[in-house]
Amino acid sequence: MTSTNRFLNRLLVFVVGLVLLLAGGAVAAGALLADVKKNVSQSAKDATQPTSDALSGGQPWILWVTAVAALVLILLLLWFIFRQGRGRTNTLLEVAGGEGKGSPTGGTLTIDAKVAEQVLEESLARDPSIVSVDVSAFEVKKENVLRITAQTRRGVSPIEVRRSIDRAVADWDALLGTATPVVIQITGGLRSQLTGTSRVV
Amino acid sequence: MTTPGLYRRVVRRETHSSRSGIAIVLAVLLILVFAWIGVEAVLAALKQPALLASPKDAAVTILDAASAPVGLLTAAGAVVAVIGIILIIVALAPGRRGRRSASSDRTAALVDDRVIAQSIAGTASYAGDIEPDQVKVTVGKRSVDVDVTRTSGRTADLRSIQEAVDDELSSYDYSPSLRGKVRLSKEGTVA
């Protein structure tokens with residue numbers, strides 16, 4: 001439900017994997033081919049002296065450029081980490097105050113996701129096949145979506161649970177006067193493992 | 001107001017892994033490596049003693065490694081390449097999360113495979129008049145395997161179990177859809 005950029009996640013994993021594969025493959029294959037190994041180790045030996053000269057103070061700008069590049073990459077990666085898992089919202093619905101005669105409200109109306117949470121949890125708590133309910137709101141494609149997660153008792157029919165939640169949603173729609181998108185998750189989490197199976201069929 | 005496109009997007013995203021766990025782990029590792037490189041570079045530029053190895057020593061060590069013994073190089077390269085292949089597979093695989101979806105006009109629903117398995121196990125044990133722990137249900141991508149252990153000296157009514165399971169599966173509107181297969185295991189349990 002979050003707005004995590006999944007393509008970026010997979011791209012990072014793919015690029016790191018590709019770099020490791022190419023580097024490791026080149027080392028392994030190069031070491032096995034005697035000619036390649038001789039050439040490479042020879043030129044590496046030739047390069048040792050100039051490299052160590054450049055890095056030991058002859059060319060200090062290389063070190064500064066390296067440090068700045070490392071800093072930029074670190075900032076990029078931090079941005080990448082902290083933009084994961086966003087998209088939760090506290091507001092479910094906002095109705096702007098209209099102008100003119102026909103408008104229903106004089107001011108802006110904001111309905112908190114908490115309202116939906118309390119109403120739906122209250123009405124679903126009575127269902128014996130549901131152990132616990134969690135309701136939260138997310139912003140998906142500029143629309144606020146309500147997510148209802150229901151943990152079921154072991155062995156209950158997911159169809160029945162769905163039907164009962166759909167009924168609760170219909171009641172909520174009637175109360176709200178409009179329909180916001182709703183996603184239902186029916187899970188068997190830890191609590192449903194610990195509670196007993198449903199006895200009445 | 002409620003767009004099917006929105007539900008399609010949510011369902012697609014909730015039934016597949018976001019890969020954020022492994023991406024964050026890799027990002028943290030890269031940050032540590034870059035931080036170390038940056039710190040060493042600054043220390044060397046200011047002519048301060050290095051933390052672990054100065055950039056000069058590190059570069060020379062890497063260049064020297066090219067003349068290391070063949071076996072060592074090949075092994076190290078192969079290990080790194082295998083890690084790379086695993087990461088590429090993780091990046092490209094769909095990463096299904098063991099859920100399936102059903103959408104109505106009003107709501108979209110996502111159901112854990114585990115809930116389906118428990119429900120079918122209950123149906124099968126009720127239909128076959130056997131103890132619930134004599135039924136083992138495995139939900140795969142498109143199939144449900146029901147393994148029934150019969151009580152010693154009694155026959156299990158496989159046909160009615162199969163019918164009940166098929167009945168329940170046909171009442172589902174989940175995608176990907178499921179087909180049921182009931183099997184009787186050879187050993188029996190003592191009642």
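Values reported hereafter were calculated over all heavy atoms of this structure, with side chains retained and with hydrogens, waters and symmetry mates removed. Chain letters run A, B, ... following the sequence lines, proteins first and then strands; every chain starts at 1.
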Where on B:S17 is there a heavy atom nearer than 4.5 Å to chain A: the side chain, the backbone, both, or neither? backbone

Under 4.5 Å from any heavy atom of chain A - which part of B:Y174: side chain

Can you establish whether the number of heavy atoms outside B:R12 located under 6.0 Å from its atom CZ is more than 12? no

Other residues, nucleotides and ligands only: do more than 12 of their heavy atoms fall within 6.0 Å of CZ on B:R97? yes

Once you round to the nearest 0.5 Å, how far does [atom1] of [X] lie from [atom2] of [Y]?
X      : Y      : atom1 : atom2 : result
A:K141 : B:R9   : NZ    : CZ    : 6.0 Å
A:L11  : B:R19  : CG    : CZ    : 14.0 Å
B:S103 : A:I184 : OG    : CD1   : 10.0 Å
B:I86  : A:L21  : CD1   : CG    : 11.0 Å
B:R106 : A:D173 : CZ    : CG    : 4.0 Å
B:I24  : A:L77  : CD1   : CG    : 11.5 Å

Given heavy-atom pairs under 4.5 angstrom as the criterion, report whether the side chain, backbone, both or neither of [X] touches chain B.
X      : answer
A:L78  : both
A:V145 : side chain
A:L18  : both
A:V140 : both
A:Q84  : side chain

With a 4.5 Å limit on heavy-atom distance, are the side chains of [X] and [Y] in contact?
X      : Y      : answer
B:L110 : A:V183 : yes
B:V90  : A:F14  : no
A:V27  : B:V80  : no
A:R147 : B:V10  : no
B:L29  : A:V16  : no
B:F34  : A:L75  : no
A:I186 : B:D112 : no

For the candidates [options], which exhibits the highest count of non-hydrogen atom pairs separated by less than 4.5 Å from chain A?
options                     : value
B:A93, B:G95, B:A117        : B:A93
B:I62, B:I120, B:V25, B:L30 : B:L30
B:A35, B:A45, B:P132        : B:A45
B:D64, B:V28, B:L63         : B:L63
B:A44, B:P69, B:A91         : B:A91

Among [options], residue most engaged with chain B (heavy-atom pairs, under 4.5 Å):
options                     : result
A:T149, A:L32, A:V40, A:T66 : A:L32
A:G17, A:A26, A:G85         : A:G17
A:T2, A:N5, A:L73           : A:L73

Of all heavy-atom pairs between [X] and [Y], which one has the smallest distance, and what is that distance?
X      : Y      : value
A:G25  : B:A81  : N-CB, 3.8 Å
B:V70  : A:A31  : CG1-O, 3.3 Å
B:G84  : A:L20  : CA-CB, 3.8 Å
B:S171 : A:I159 : O-CD1, 3.5 Å
A:N9   : B:S18  : ND2-O, 3.0 Å
B:V115 : A:G188 : CG2-N, 3.3 Å

Can a side-chain donor-acceptor contact be found between A:R162 and B:T107 if the only test is distance below 3.5 angstrom? yes

Does any N or O in the side chain of [X] come within less than 3.5 Å of the main-chain N or O of [Y], such that one atom is a donor and the other an acceptor?
X     : Y      : value
A:R10 : B:A23  : no
B:Y7  : A:V182 : yes
A:R6  : B:R13  : yes

